[in-house]
Number of protein chains: 2
Amino acid sequence: MTSLEGRPLSAGDSGYQRIRSDIIFGVLTPSVRLKLDAMKEDYGVSISTLREILNRLTSEGFVVAEGQRGFEVAPISIQNLRELAGLRILLEHHAMAESFRAGDVEWEGRVVSAHHKLAATERTVLSEGDDPELRKRYDGEFHQALISSCGSRELMQTHAVVFDKYFRYALRYRGAETINQHKALLECALKRDIKSARAVLTDHINGCVAHALASWNEG
Amino acid sequence: MTSLEGRPLSAGDSGYQRIRSDIIFGVLTPSVRLKLDAMKEDYGVSISTLREILNRLTSEGFVVAEGQRGFEVAPISIQNLRELAGLRILLEHHAMAESFRAGDVEWEGRVVSAHHKLAATERTVLSEGDDPELRKRYDGEFHQALISSCGSRELMQTHAVVFDKYFRYALRYRGAETINQHKALLECALKRDIKSARAVLTDHINGCVAHALASWNEG
DNA sequence: TGATCGTAGATATTCGAAAATCTCATATGA
DNA sequence: TCATATGAGATTTTCGAATATCTACGATCA
C-alpha cells in the first residue's frame, strides 16, 4: 500500500492501520489477549515492529498494557460507551459552534462534499448491503468536515480519537433516522444554526447509544 | 525506580517517564531532532526500546514522526498554546460541573488533601526556590482531584494529557495570583459553587496564557 | 550557470535471537 | 485440607546487528 503522496507505507505504519481497524471493527475481540508470536504471523511483521504498533495503540486507548504481562484489546462496557458518547457530544458541540462561526464558503464546500459522499454510501446500504468500513469513513469525514473550521487542531485530533473509539460500539447500520439526522446537520451548517445542530447531534449520538444498548441485550 | 506496588519498573517504562518529563520541562527543546543513537546513550536503553517510547509519545502528541525521517520533539507555538488552553477550559469546566454534582465527602477529602499539598509547595517557592517538577505534580493532582468525581475515566484521561501538554508552556512560577485562585477553587468546590469555579478557572488558565505570552516576548 | 544524477555517509527501520519475567501445574510441608 | 515452594514451559522484554532509506555533496551534462 502507498500513501497519498505516493510514498511507500512502512511496514510499521501499514500494520498499525490494519490492527487499529481490526480493533474498531471487532475483528480483534474486546479484552482478548494479544499474543505477539501469533500476531507476528497474522500481520507479517516482526515482534519489535508489533510492539511499536501496540505501544501506539495503547496511548490511544485501543489497547491496554499491564506490567510485564503483555497487551490486550481494550475492553468494552456500557459505562465506557456512555463516557465516549458524553465526551463526543462535549467536544463536537463546542467544535461545531466555533466552526459555524468561522466557516467560509470553502468550508461549506467541504461539508456539502462530505455529506454527498456519506448520503450516497448510506443509500447503497439498502441495495448492496452494509460496508461498515466505508460507512464509518464517510461518517467520520462528514463530522470532521462540520468541525473543520473550528480553528483548533488539538480539538480536532482529540475529537477524532474519541470518534474512532466510539465507533467500536456503533457498528450496526441504523437506517433512515441516521440519514435524516445527517441531512439535518448539513442544513443547519449552511444556515449557521448552531442551536438546532446541537439538538440534532445530541439526538444522533444518544440514539446511537440506545441502539447499541438494545443490540447489546439481544446479543 | 519502583512503582507503588513495589514491582520494578521496566526499562521501557522508566525511559518513557524520563523522556516525557524531559519534553514537558524543556530539557528536550521543542522541534529538535531526536537522533536515536545519541538518545540511546543518554537514556540507557536500546534503539528498539527507544522507538517504543517515541511511538507512545507520538500518539500523545509530545513527539512528531514524519515518514521515514525519524522523530522530533513536538514544536510549540502561540497558536498551540491557545488551543490547549481552550481545550483545557472546555474539558475541565464540564468535568468540574459533573464532579461538583456527584462529589461526596470522600471527594472533598481528596480535594482538601490535594490543595493542602499544593499550597504547602507553593509557599516553599519563596523560601527554597521553585521546583517546577514538584509544582507541576501537585498542581496536576489538585485539578485532578477537583474533577475526580466526574464519573468519566475517558474524560479524565483526555484532560490529563491536555494538562500535561499545556504545562510545557506554564513553566515559570506566577506567584500570589495562582495561590489565591487555587484557594478560591477549593472553596468553590466545598460550596459546590460551579459558576464561580468556572469563572476562577477561566481566569486561572487565561492568566497563565497571558503570562506565558509575556515571557515569550521577553525571551 | 543551472539542473539532474549518482554516490558515500548518516540515519531510521526491521529483524531474529538472547535475557528476563510470568504462568501454571506439581510437589512439599504444616 | 490448605498454603506455600519449585520448576518447566510459555511469553514478554530487551538487545545488537542486518537491511532499507534518506541527506547532502560533488560530478556530469545541457
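Lettering follows sequence order; numbering is per chain, from 1. Every value quoted in this text rests on a predicted model; they were computed, and no experiment measured them.
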Pairwise ring-ring contact (aromatic ring centres under 6.0 Å, His included) hits with a residue in residues 58-97 of chain B, at least two apart: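 Qualifying pairs, neighbours excluded: none.
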I'd like a table of donor-acceptor pairs (distance under 3.5 Å, sequence neighbours excluded) in which one partner is a side-chain atom from residues 78-89 of chain B, with atom names and distances.
| residue | atom | partner | partner atom | Å |
| --- | --- | --- | --- | --- |
| Q79(B) | NE2 | G151(A) | O | 3.1 |
| Q79(B) | NE2 | E83(B) | OE2 | 2.6 |
| N80(B) | OD1 | Y169(B) | OH | 2.9 |
| N80(B) | ND2 | E154(A) | OE2 | 3.0 |
| E83(B) | OE1 | S152(A) | OG | 3.4 |
| E83(B) | OE1 | R153(A) | N | 2.9 |
| E83(B) | OE1 | E154(A) | N | 2.8 |
| E83(B) | OE2 | R153(A) | N | 3.3 |
| R88(B) | NE | E92(B) | OE1 | 2.8 |
| R88(B) | NH2 | E92(B) | OE1 | 3.4 |
| R88(B) | NH2 | H143(B) | ND1 | 3.4 |
| R88(B) | NH2 | H143(B) | NE2 | 3.4 |

Output all residues satisfying side-chain hydrogen bond (donor to acceptor under 3.5 Å, both in side chains) with [X], sequence neighbours left out; order by chain, then residue number.
X	result
R18(B)	none
S48(A)	none
R20(A)	Y16(A), E60(A), D164(A)
Q181(A)	H204(A)

Between [N] atom [atom2] and [X] atom [atom1], what is the distance in whole Å?
X	N	atom1	atom2	result
L50(B)	dT14(C)	CG	P	15 Å
M39(B)	dT11(C)	CE	P	14 Å
Y43(A)	dT14(C)	OH	C1'	19 Å

Show me the donor-acceptor pairs, under 3.5 Å and distance only, between side chains in residues 22-41 of chain B and residues at least two apart or in other chains.
| residue | atom | partner | partner atom | Å |
| --- | --- | --- | --- | --- |
| D22(B) | OD2 | Y43(B) | OH | 2.7 |
| R33(B) | NE | R69(B) | O | 3.4 |
| R33(B) | NH2 | R69(B) | O | 3.2 |

Summary of protein contacts for nucleotides 9-16 of chain D, nucleotide by nucleotide, where a base hit scores B, a sugar-phosphate-only hit scores S (4.0 Å, heavy atoms): --SSBBBB
Could you run through DNA chain D and flag its stems, i.e. three or more consecutive Watson-Crick or G-U pairs with both distances under 3.5 Å?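 Stem list for DNA chain D: C:1-30 with D:1-30.
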With F142(A) via ring pair (Phe, Tyr, Trp, His ring centres under 6.0 Å) - residues at least two apart: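 Residues passing ring pair (Phe, Tyr, Trp, His ring centres under 6.0 Å) with F142(A): H115(A), H182(A).
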Give every pair of a protein N or O atom and an N or O atom of nucleotides 6-8 of chain C that lie under 3.5 Å apart, one pair per line with the distance.
none

Check the pair T121(B) / T124(B) against side chain to side chain donor-acceptor pair (under 3.5 Å), numbers first and verdict last. CA-CA 5 Å; T121(B) 305; T124(B) 68; 5.6 Å; no
For A189(A), all residues meeting side-chain contact (heavy atoms from CB on, under 4.5 Å), sequence neighbours excluded: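 A189(A) satisfies side-chain contact (heavy atoms from CB on, under 4.5 Å) with F100(A), W107(A), V111(A), L146(A) only.
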